[in-house]
Structure formats: structure tokens, C-alpha cells
Trainee: 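Just dropping this structure here.
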Amino acid sequence: MCLLLGGCATLPRTPVPADQIAWAVVPGMPDVRAWAGRPNRDMELDFEQSIRDERADQFPVAADGRIHYPHLALSGGGANGAFGAGFLNGWTATGTRPTFKIVTGVSTGALMAPYAFLGPDYDQALRRFYTTTSDADVFAAGNPLMALLRRDALANTAPLEALIARAIDAPLLARIAVEHRAGRRLYMGTADLDSRQFVVWNMGLIATRGSPEALALFRRVMLASASIPIAFPPVLIEVDVLGKRFDEMHVDGFVAANIFLHAGIIDPQRLYNRLSRAPATYDTFMIHNGQLAAASDPAERSLRGIAFRSIDVAGRAGMIGDLFREYAYARRDGARFAWVTIDSRLALADAASFDPARMTVLYQVGYDRAREGPVWLSRPPGMSPADEP
């Protein structure tokens, strides 16, 4: 009977009518998001403004007479985000880490993106987040019977919601707003289960609103982007459609894209060509908080085991496609393409297992990897120089 209750019943909500999804906007903030794969005029105008607002000392003209805009994309990976945190801090230690024009994040990448966006001043906060966080700080599984009765997830993320609230406070939001007004952009991605779309959120623009509602939305987008479906419950985000209120159901952005830069909503190179104060290009830096290949091992025959293994397999396959997509954009624009991943020879624990001891080790792996150069991969997996046109 409990299985029937958990599997057949549904939780109440007020979804947007299917024929009105295209009209849904965030109340009071209609211009803070866009659907991937569709050029968006609001986002384009906002990025045009970023070029006008940027500081010349942050994006100087290089010796070749061009401005090289650094773009940073952070992937999903759960607890493996400790690698990315260590890598960013190791990059700082080399003295070569640039100020990023664009920072994007999905899933655990969304959790670290605000710190990466704000720069080295927040390196220690990033280190603490990824070396001291435990399972109890992220989710509460409780009794398996209660998980069935919850009906939308195996665990609840009240602890993660509280953790995000402590990390993202009004002063930090104000710092993000300052950087947005100085011409830099912070984007995060979620998957909207109603529209079946990848949604790109302009987090810096949300921050500039400076209201309690903006702070609440910023936190909810971060929570949604890190809410692994099945394992964690989806996040309902209130929207307005022609004066009526509804909710959208958002989950971890990796469902649609494990890593992204602009997702087709804007064309940065075209805008740089038109508005930049000097000839310009961009450098794409991508940090993959995971492995594209791993040792085979038997999957656990359980709901949790099958669900998590399926998510892992889908994530690895999706990441390969994401890399080829971003590589195609970089080739088209004559931009640099650089990415890094966790060595496949390293044994990783379950990405959903937040063990501070293991995460500290992985943090150090990332730190040491960056201190070596860092050394970047310049082509997608499986592509050799001879394969390039």
C-alpha cells in the first residue's frame, strides 16, 4: 500500500497551462532569464550594456592588439566540485588567473560560480565550502518509507537550502551586483520540466534588483540547479502569466546541459565585433568536475543504485556532446578552447557522497593540477589534430 501511495499519488501544484508557457515571466523581473537555443533580445541588450560598462583595466588590450575576454564554464559533479574549487585556487596561486567576463555554472558548478565570479578574495570561502561540507549539510534521507511517501524524491534538501542561505547573503549579493554593473556576467542553468527547456538565468541582473525577492530568487535558482532529479526534490519557482500566478518545476541543469557558455541565447563574438573598444576575441575555459571515463564496476540493484548509475552514465555522455558544442562555437569564432577534467586513473567516490576527507583530497588534486601550469586540453575527447578542418 505504501508503494502504491508513493508511486501513484501526485503532490499538489499550480503549473502553467501548456498553451501559456511561452508567456511566463518572473514577477517583477521579466528580463532575468531565457530559454536555451533561442536568441533572446533582453539578454542581448544586457550583454551589449556589459561591453559599454566594462573596465579597461580588467580587460586590457593585449600585445597582439586584441582584447582577449576570458569566459569560464563550471560543470556539474556533486561532491566532485572539490576538484574545481581546488583548481581555481591553484590557478590563483600561479598568478595567471584572469578576471572573467562571463562565468557560468550548472549543478555543483552553480554552487561555486558566485565565488569564482567574485574572484580570489573568495578563494578561502570556496575552499571551506568544498572541504568541510558533509552529507548532513546537503540532504536528509531519513527513513526509506518516508522517502516513498514524499513521492518526488529520495531525500529532502532542506539542509542544502539552509547552506545556500548562509552562503548567499545580502552583502554577497551586493558584491555580485557591483561586478555586474562593471560589465561582467554571471549565468546559471536549470532544467524546466514543464517546458522541457534548459533555462539560462542572468544572476548578476537578479542581484542588481537588491530586494528580498531578488535574494530569494537567487537562492532558489542555485538550489534548483543543484537538485538532482529523483535524489532531490524539484524546486518550484513562481511565475506570472498575464496577471495570474503559477509555478514552474525546475531541477538540476545537467539534465539538459552539463556545462555551457551562452547556450545560444546571445552571440558574444558578434557583439564584441560591433561594440568592443578594440579588436576582440574570447578564451573559453571549462572545468569538468568529473571524469569522462571510469573503471567498470557492478551497479547496485536498488532504486538508489540504478537511479544514480543512470544519472552518472547520462552525465558523462552529455558532457562529451557539450564539449563538442562549445568547441564548434570556438572554432567558428576563432577563439581559444581549453578544458580540464579529473584524471580517469583516479578512483572517485559517489558524486552524491559529501565526505569532507575525500573532498579535501580531491581539492588538493585540483589545486596541484592548476599549479602545474595549468595545463589545458585543447580539443574534445577523441579528436586529434589531424581531425580538424
Trainee: Tell me whether Asp240 is salt-bridged to Arg245, with the criterion being a basic N under 4.0 Å from an acidic carboxylate O.
Mentor: yes
Trainee: Would you say Met203 and Val178 are hydrophobically clustered, going by side-chain heavy atoms of ILVMFWY under 4.5 Å?
Mentor: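 Met203 and Val178: separate clusters.
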Trainee: Are Asp267 and Arg332 ion-paired here, with the side-chain N under 4.0 Å from a carboxylate O?
Mentor: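 A salt bridge links Asp267 with Arg332.
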Trainee: Does one side chain, of Tyr130 or Thr360, offer a donor that lies under 3.5 Å from an acceptor on the other?
Mentor: no
Trainee: Would Arg184 and Phe100 count as a cation-pi pair here, with the cationic atom under 6.0 angstrom from the ring centre and within 45° of the axis?
Mentor: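 The answer is no; the distance or angle limit is not met.
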Trainee: Specify whether Phe83 and Phe87 have parallel, tilted or perpendicular ring planes, treating 30° as the upper limit for parallel and 60° as the lower limit for perpendicular.
Mentor: tilted
Trainee: Could you tell me the separation between the CE atom of Met359 and the CG atom of Asp355, rounded to the nearest 0.5 Å?
Mentor: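 Reported to 0.5 Å precision, the distance equals 8.5 Å.
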Trainee: Looking only at heavy atoms, what is the nearest atom pair of Trp35 and Ile265, with distance?
Mentor: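 Distance-wise, the nearest heavy atoms are O-CG2, 3.4 Å.
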Trainee: Under the side chain to side chain donor-acceptor pair (under 3.5 Å) rule, what do Asp252 and Ser227 come out as? Steps first, then yes or no, please.
Mentor: CA-CA 5 Å; Asp252 196 319; Ser227 292; over 6 Å; no
Trainee: Hey, does Ile176 have a side-chain heavy atom less than 4.5 Å from the side chain of Leu118?
Mentor: yes
Trainee: If you take all heavy atoms of Val103 and Ala113, which pair is closest and at what distance?
Mentor: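 Taking every non-hydrogen atom into account, CG1-O, 3.9 Å.
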Trainee: Hey, are Asn289 and Thr108 close enough side-chain-wise for a donor-acceptor pair under 3.5 Å?
Mentor: no
Trainee: Within the structure provided, determine whether Phe129 and Met112 are in side-chain contact (heavy-atom separation under 4.5 Å).
Mentor: no
Trainee: At what distance, to the nearest 0.5 angstrom, does OG1 of Thr190 lie from NE2 of His250?
Mentor: 5.0 Å
Trainee: Just do the side-chain contact (heavy atoms from CB on, under 4.5 Å) check on Ile67 and Arg277 with the steps written out, would you?
Mentor: CA-CA 9 Å; Ile67 299 172; Arg277 64 187 183 280; 3.7 Å; yes
Trainee: Quick one, Ile102 and His262 - any side-chain contact, counting heavy atoms below 4.5 Å?
Mentor: no
Trainee: Using modelled atom types and a 3.5 Å cut-off, is there a donor and acceptor pairing between side-chain atoms of Trp339 and backbone atoms of Arg379?
Mentor: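 Here the side-chain-to-backbone pair exists.
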Trainee: Looking at CG of Leu236 and CG of Asp194, how far apart are the two atoms once the value is rounded to the nearest 0.5 Å?
Mentor: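 Going from CG on Leu236 over to CG on Asp194, the span is 9.0 Å.
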Trainee: Short question: side chain of Thr157, backbone of Leu160 - any donor-acceptor pair under 3.5 Å?
Mentor: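 No, because the side chain of Thr157 does not come within donor-acceptor range (under 3.5 Å) of the backbone of Leu160.
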Trainee: Do you see a donor-acceptor pair shorter than 3.5 Å between the side chains of Asp137 and Ser134?
Mentor: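 The criterion, which ignores hydrogens and geometry beyond distance, is satisfied for Ser134 and Asp137.
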Trainee: For a quick test of reading the model, state the closest non-hydrogen atom pair linking Pro279 to Gly65 and the distance between them.
Mentor: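 Heavy atoms of Pro279 and Gly65 come nearest at CD-O, 3.8 Å.
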Trainee: Without hydrogens or angle criteria, can the side chains of Asn273 and Gln269 be said to hold a donor-acceptor pair below 3.5 Å?
Mentor: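 Short answer, yes.
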Trainee: Could you tell me whether the side chain of Arg219 and the main chain of Ala165 form a donor-acceptor pair under 3.5 Å?
Mentor: yes
Trainee: Do Leu45 and Leu275 belong to the same hydrophobic cluster, where Ile, Leu, Val, Met, Phe, Trp and Tyr are linked whenever their side-chain heavy atoms lie under 4.5 Å apart, directly or via other members?
Mentor: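 Different hydrophobic clusters.
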Trainee: Is the side chain of Arg181 donor-acceptor paired with the backbone N or O of Thr208 at a distance under 3.5 Å, no angle test?
Mentor: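 Looks like yes, one N/O pair under 3.5 Å.
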Trainee: Considering non-hydrogen atoms only, spot the tightest contact between Ser225 and Gly189 and give its length.
Mentor: OG-O, 2.7 Å
Trainee: Could you walk me through whether Phe218 and Met222 pass the side-chain contact (heavy atoms from CB on, under 4.5 Å) test, one step at a time?
Mentor: CA-CA 6 Å; Phe218 196 103; Met222 284 185 67; 3.6 Å; yes
Trainee: Under 4.0 Å between a side-chain nitrogen and a carboxylate oxygen: does that hold for Glu179 and Arg55?
Mentor: no
Trainee: Let me check something: do Val16 and Trp23 share a hydrophobic cluster, defined by ILVMFWY side-chain heavy atoms less than 4.5 Å apart, either directly or through other members?
Mentor: yes
Trainee: Side-chain heavy atoms under 4.5 angstrom apart, residues restricted to Ile, Leu, Val, Met, Phe, Trp, Tyr: same cluster for Val239 and Leu223?
Mentor: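 Shared cluster, yes.
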Trainee: Could you walk me through whether Leu362 and Leu346 satisfy the side-chain contact (heavy atoms from CB on, under 4.5 Å) test, starting with their C-alpha distance in whole Å, then the side-chain angles of each, then the deciding distance to 0.1 Å, before giving a yes or no?
Mentor: CA-CA 9 Å; Leu362 190 53; Leu346 183 67; 3.8 Å; yes
Trainee: Determine whether Leu186 and His180 make a side-chain contact, defined as any pair of heavy atoms from C-beta on separated by less than 4.5 Å.
Mentor: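 Sidechains of His180 and Leu186: no contact.
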Trainee: Is the shortest heavy-atom distance from the side chain of Phe285 to the side chain of Pro70 under 4.5 Å?
Mentor: yes
Trainee: What about Val313 and Val106, same hydrophobic cluster or not, with Ile/Leu/Val/Met/Phe/Trp/Tyr joined at side-chain heavy-atom distances under 4.5 Å?
Mentor: no
Trainee: Answer with yes or no whether the side chains of Ser75 and Asn258 bring together a donor and an acceptor at under 3.5 Å.
Mentor: no
Trainee: Is there a donor-acceptor pair closer than 3.5 Å between any side-chain N or O of Thr104 and the backbone N or O of Phe260?
Mentor: yes
Trainee: Can you check whether Ala34's main-chain N or O pairs, donor with acceptor, with Asn40's side chain at less than 3.5 Å?
Mentor: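 Answer holds: no.
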Trainee: Do Arg325 and Asp322 sit within salt-bridge range, that is, some charged N less than 4.0 Å from a carboxylate O?
Mentor: yes
Trainee: Answer with yes or no whether the side chains of Thr92 and Arg97 bring together a donor and an acceptor at under 3.5 Å.
Mentor: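 Present: a donor and an acceptor within the cut-off.
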Trainee: Is it true that a side-chain atom of Lys101 and a backbone atom of Gln58 form a donor plus acceptor pair closer than 3.5 Å?
Mentor: no
Trainee: Look at the side chain of Thr341 and the backbone N and O of Gly290, then say whether any donor-acceptor pair between them is shorter than 3.5 Å.
Mentor: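 Looks like yes, one N/O pair under 3.5 Å.
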Trainee: Quick check: closest heavy atoms across Thr132 and Pro356, and the distance to 0.1 Å?
Mentor: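 Answer, listing the atom of Thr132 first, then Pro356: O-CG, 3.9 Å.
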Trainee: Please state whether the rings of Tyr272 and Tyr282 are parallel, tilted or perpendicular, taking 30° and 60° as the class boundaries.
Mentor: tilted
Trainee: Please confirm whether the backbone N or O of Ala335 pairs with a side-chain atom of Asp333, one donor and one acceptor, at under 3.5 Å?
Mentor: no
Trainee: Have Asp53 and Ser50 got a donor and an acceptor in their side chains that come within less than 3.5 Å?
Mentor: no
Trainee: Hey, is Asp135 close enough to Arg358 for a salt bridge, meaning N to O under 4.0 Å?
Mentor: no
Trainee: Answer yes or no: is there a donor N or O on one side and an acceptor on the other, between the side chain of Arg38 and the main chain of Gly264, under 3.5 Å?
Mentor: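 Side chain of Arg38 to backbone of Gly264: no pair is present.
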Trainee: Can you find a pair of side-chain heavy atoms, one from Val25 and one from Val241, that are under 4.5 Å apart?
Mentor: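 Val25 does not reach Val241 side chain to side chain.
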Trainee: Just how far is it from atom CG of Asn89 to atom OH of Tyr115, taken to the nearest 0.5 Å?
Mentor: 12.0 Å
Trainee: His288 and Ile342: side-chain contact (heavy atoms from CB on, under 4.5 Å), yes or no, with the steps?
Mentor: CA-CA 7 Å; His288 176 215; Ile342 301 174; over 6 Å; no
Trainee: Do Val361 and Tyr363 have side chains that approach each other closer than 4.5 Å (heavy atoms only, starting at C-beta)?
Mentor: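 Not touching, per the 4.5 Å side-chain cut-off.
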Trainee: Using a 4.5 Å cut-off on heavy atoms from C-beta on, say whether the side chain of Arg33 contacts that of Val221.
Mentor: no
Trainee: Look at atom CZ of Arg345 and say whether more than 12 heavy atoms of other residues, nucleotides or ligands are closer to it than 6.0 Å.
Mentor: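 No - once you tally the heavy atoms of other residues, nucleotides and ligands closer than 6.0 Å, there are 12 at most.
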Trainee: Between CE of Met43 and CG of Asn202, what distance do you get to the nearest 0.5 Å?
Mentor: 4.5 Å
Trainee: Considering non-hydrogen atoms only, spot the tightest contact between His71 and Pro268 and give its length.
Mentor: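 Taking His71 first and Pro268 second, the nearest heavy atoms are CE1-CB, 4.2 Å.
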Trainee: Just how far is it from atom CD1 of Ile266 to atom CG of Asp46, taken to the nearest 0.5 Å?
Mentor: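 It comes to 8.5 Å.
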